[in-house]
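When a ligand or atom number is given, it counts from 1 through the structure's own listing order.
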Amino acid sequence: MNRRGILVVVSGFSGVGKGTLMKQLTERYGYYALSISATTRAPREGEEDGREYFFKTKEEFEELIREDRLVEYACYCGNYYGTPRDYVEDQMDQGRDVILEIELQGALKIKEKYPEALLLFVMPPDAATLVERLNGRGTEARDVVRERLARAVEEAAGAVQYDYMIINDDLEQSVEEVHYLIDSQHNKISRNLDFVEQVRKELITFSKGEL
Ligand code: 5GP
């Protein structure tokens, strides 16, 4: 059986609740590995270096790019964001399913490099709910909210390139949906060709012997 972990990309508009969703998912199912990205954006209140992100200067980030230590990176609202390569590869080699919570451009790069990756897009129940959540966050200035909404419009057009959507209305239900979608990937025939072949060979042996 294919023991390599599954690479899962989770995207969704700013304010849609991806962060909370991923936190709940990883708390409930301890075996998921949530990748921690590097970024040049300033830490928000309550964020810690090495927990939410690895906070970097522009120079440090560009060094990571030069040394090819990121599987993908993108510029989002004026800041760099990128996924550290070693963690992702190591965890997948150990058979753990790895989750990347990243934006559209990064997601598409991942799909190119890892065609087997599962791409999930988290949607709000409707646009008004998203605007409400963004305004309610209170940590961002109005022009930042506007910039993030403009970005959401672009990302909505890109959502068609993902595999599945999750409508994040009821958190509990969304967590179960994400878990179910990831779990089903393990049973894909393309990931289990060796097992299918082994059973086929055993059947041949049986079919020729005594029953
Ligand atoms: P925030 O600043 O709100 O934490 O994140 C802004 C956006 O950057 C979100 O859509 C988030 O998913 C995305 N993001 C976070 N880490 C990465 C990363 O490593 N690569 C890419 N491409 N996007 C990321």
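Using a 4.0 Å cut-off between heavy atoms, Y81 contacts ligand 1 through both its backbone and its side chain. Only side-chain heavy atoms of R148 come within less than 4.0 Å of ligand 1; its backbone N, CA, C and O stay farther off. Under 4.0 angstrom from ligand 1, there are no non-hydrogen atoms of R151.
Checked against a 3.5 angstrom limit, the closest N/O atoms of Y73 and ligand 1 fall outside it. At least one N or O atom of G82 sits closer than 3.5 Å to an N or O atom of ligand 1. Taking distance alone, with nitrogen or oxygen atoms compared against 3.5 Å, E101 approaches ligand 1 more closely than that limit.
Under 4.0 Å is where a charged nitrogen must lie from a carboxylate oxygen, and between R151 and E103 at least one such pair does. The pair R85-D68 counts as a salt bridge, with a side-chain nitrogen and a carboxylate oxygen less than 4.0 angstrom apart. In this structure, K58 pairs ionically with E62, as a charged nitrogen and a carboxylate oxygen lie closer than 4.0 Å. The pair K56-E63 does not count as a salt bridge, with every side-chain nitrogen at least 4.0 angstrom from each carboxylate oxygen. By the 4.0 Å N-to-carboxylate-O rule, D194 lies too far from R3 to be salt-bridged with it. Checked for salt-bridge contact, E112 and K109 miss the test: no charged N lies under 4.0 Å from a carboxylate O.
Distance check: T20 OG1 to N168 CG gives 8.0 Å after rounding to the nearest 0.5 Å. Considering CD of E172 and CD of E177, their distance stands at 11.5 Å, rounded to 0.5 Å.
The closest approach between any non-hydrogen atom of E52 and ligand 1 is not below 4.0 Å. Using 4.0 Å as the threshold, E155 has no heavy atom nearer than that to any atom of ligand 1. The shortest heavy-atom distance from K109 to ligand 1 is not under 4.0 Å. Not a single heavy atom of S14 sits under 4.0 Å from any atom of ligand 1. Residue Y53 places a heavy atom less than 4.0 Å from ligand 1.
Applying the ring pair (Phe, Tyr, Trp, His ring centres under 6.0 Å) test to every pair with at least one member in residues 103-134, sequence neighbours left out, gives these pairs: F13-F121, F121-Y162.
The only member of V10, L34, V88 that meets side-chain contact (heavy atoms from CB on, under 4.5 Å) when paired with L100 is V88.
In this structure R66 satisfies the side-chain hydrogen bond (donor to acceptor under 3.5 Å, both in side chains) test with no other residue, sequence neighbours excluded.
Residue K18 has at least one heavy-atom neighbour below 4.0 Å for each of these atoms of ligand 1: 9 (C), 10 (O), 12 (O). The distance from ligand 1 to the heavy atoms of A74 drops below 4.0 Å at these ligand atoms: 22 (N). Set against the non-hydrogen atoms of G106, the atoms of ligand 1 under 4.0 Å away are 22 (N). For ligand 1, the atoms lying closer than 4.0 Å to a non-hydrogen atom of R41 are 1 (P), 2 (O), 4 (O).
The option with the heavy atom closest to atom 19 (O) of ligand 1, from among G15, A42, S11, S37, is S37. Comparing M22, E103, Q105 against atom 13 (C) of ligand 1, the shortest heavy-atom distance belongs to E103.
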